[in-house]
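Data first, discussion second: the structure below is written as structure tokens.
Atoms within each ligand, like the ligands themselves, are counted from 1 in listed order.
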Amino acid sequence: MIDFEEAQELVFCNCRKLSVTQIPVSKSLGYVLAESIRASTPLPRFDASAVDGFAVRSSDLVESSHSNETCLRLTGTLAAGDKRILKLNKGTTIRILTGAQIPAGADAVVMQEQVRIRKDIVSFSTPANAGDNIRFAGEEFKKGEIVLESGTLITPPVVAMLAIIGRQRVRVRRKPRVALIVTGNELQPPGTRLRRGKIYDSNTPALVAALQATGIDSVRTFRTHDTPRQIEQAFRKVLTDSDVVLSSGGVSVGSSDFVKDVLAELNVKSVFWRIAIKPGKPIYFGTKKKVLIFGLPGNPVAAQLGFQLLIKPAILRMMGMSSVAPLTLPAILTHDLRKKAGRMEFVRGILSTDDAGQITVRPARGQDSHMVGGLAKANCLIHFPKDQERISAGSKVRISLLNWGVL
Ligand code: AMP
Ligand code: MG
């Protein structure tokens, strides 16, 4: 049995990055950049007004006050997108709208709400500072500067950034081809009439959903009985043309747990089996050439947490994402926790803030590996260290956010 950190490390060092392809930015959400993106021009591109107002020379308004308004003659209007180049002469002002280019000679914009207008005379009752309400060319990025690093997940603002610099296509890594094999004599699909001793297969829909939430939309799924023959047939179908193969069930020490034996038969190299964690102890990981094979336990909570803790980070790493570790933070525990030493426990928790604004965490009801209700309510995992047996209410614990999406 190995520690969780070692398991994570072994998975990571077996993840190879998938190949690079070019796709339209409009289809790129959820992919990971495989190139660093540089600004092809300064950003913003030109000096522009940040408000609707009046372009001025600040030197014209030095004396302005409520009792001594400065009157400037209005000589024109500039709107966003105008290509005319106007010049602002001493003693005059130009109406300028948000996003319009600053006219030559102007060094500030006064907001429309702060002036009085009569015909073509605009009165100013306060001085302006040079630079007021101007977005300066290059103030965010200089030409040639990196605006997005390779390895960045493409989110809506990343799409905005790509579009701002005019990109239509972008280089990303392809997503992995994933197959899922769900084993168990007791399983029937939801929607069928349950026979005696049977249960509904929740891992197929739940793991497909977990993959979808990670951006993997098409998954080949198979269900098998607990026979070496059926399990072997299913693995044979997918081992040559998948990047990641997941299985559910049959990976523990029971007499109908055949997954490991079958994988050994198929020359899958076992990297580890059993991690000192709860839930998820029997998790298996192996490789065959470049294919990663994860054997998840059938217990629905263990299967979901195994996916979140090991498989999702592996998939994101293969897609080229540079930082895949979930955010961990400290929180104050509201109830005592107990366990036996020897395995790290991921306690399903619910975060909130107390009256003093402290982040607190309460264990969700239903902590056994077959109890999905607690996991469905939880929004974080409390890390209960391997060799600790007790944590008292009021102590500080480490938690990681449970995020069913990518970030
Ligand atoms: P196993 O890992 O095959 O020993 O299964 C452990 C527990 O999880 C047993 O109680 C199984 O009935 C249950 N289980 C296995 N596969 C599934 C599944 N696909 N959906 C729901 N429960 C399952
Ligand atoms: Mg089973």
Taking both backbone and side-chain atoms of E186, is any N or O found less than 3.5 Å from an N or O belonging to ligand 1? yes
For atom 22 (N) of ligand 1, the protein heavy atom that lies nearest, with its residue and separation: I199 CD1, 3.5 Å
Proximity to ligand 1 by part of S202, non-hydrogen separation under 4.0 Å: both
Considering only protein heavy atoms, which is closest to atom 4 (O) of ligand 1, and at what distance to one decimal place? D257 OD1, 4.1 Å
Do R135 and E140 meet the salt-bridge criterion of a basic N to acidic O distance under 4.0 Å? no
Tell me the protein heavy atom at minimum distance from atom 5 (O) of ligand 1, and give that distance in Å. G298 CA, 3.8 Å
Show me which atoms of ligand 1 lie under 4.0 Å from any heavy atom of D201. 18 (C), 19 (N), 20 (N)
Do other residues, nucleotides or ligands put more than 12 heavy atoms under 6.0 Å from the CZ atom of R16? yes
Backbone or side-chain N or O of G250 under 3.5 Å from ligand 1 N or O: yes
Decide whether N14 and T287 meet the rule of one side-chain donor and one side-chain acceptor closer than 3.5 Å. no
Taking the cut-offs as 6.0 angstrom to the six-membered ring centre and 45 degrees off its axis, would you call R274 and Y284 a cation-pi pair? no
Can you check whether N299 has an N/O within less than 3.5 Å of an N/O in ligand 1? yes
Could you go through the side chain to side chain contact (heavy atoms under 4.5 Å, CB included) check for T183 and V259 one step at a time? CA-CA 9 Å; T183 69; V259 168; 4.2 Å; yes
Return yes if some donor-acceptor pair links the side-chain N/O of R167 with the main-chain N/O of R169 below 3.5 Å, else return no. yes
Given that the side chain starts at C-beta and the backbone is N, CA, C, O, which of these parts of L187 lies under 4.0 Å from ligand 1, counting heavy atoms, or is it both or neither? side chain
For F285 and F272, take the angle between the two ring planes, folded into 0 to 90°, and tell me which bin it lands in: parallel under 30, tilted 30 to 60, perpendicular over 60. tilted
Enumerated ligand 1 atoms positioned under 4.0 Å from heavy atoms of Y200: 20 (N), 21 (C)
Under a plain distance cut-off of 3.5 Å, with no hydrogens placed, do S242 and R220 share a side-chain donor-acceptor pair? yes
Find all atoms of ligand 1 within a distance of less than 4.0 Å from any non-hydrogen atom belonging to V182, and give their numbers and elements. 19 (N)
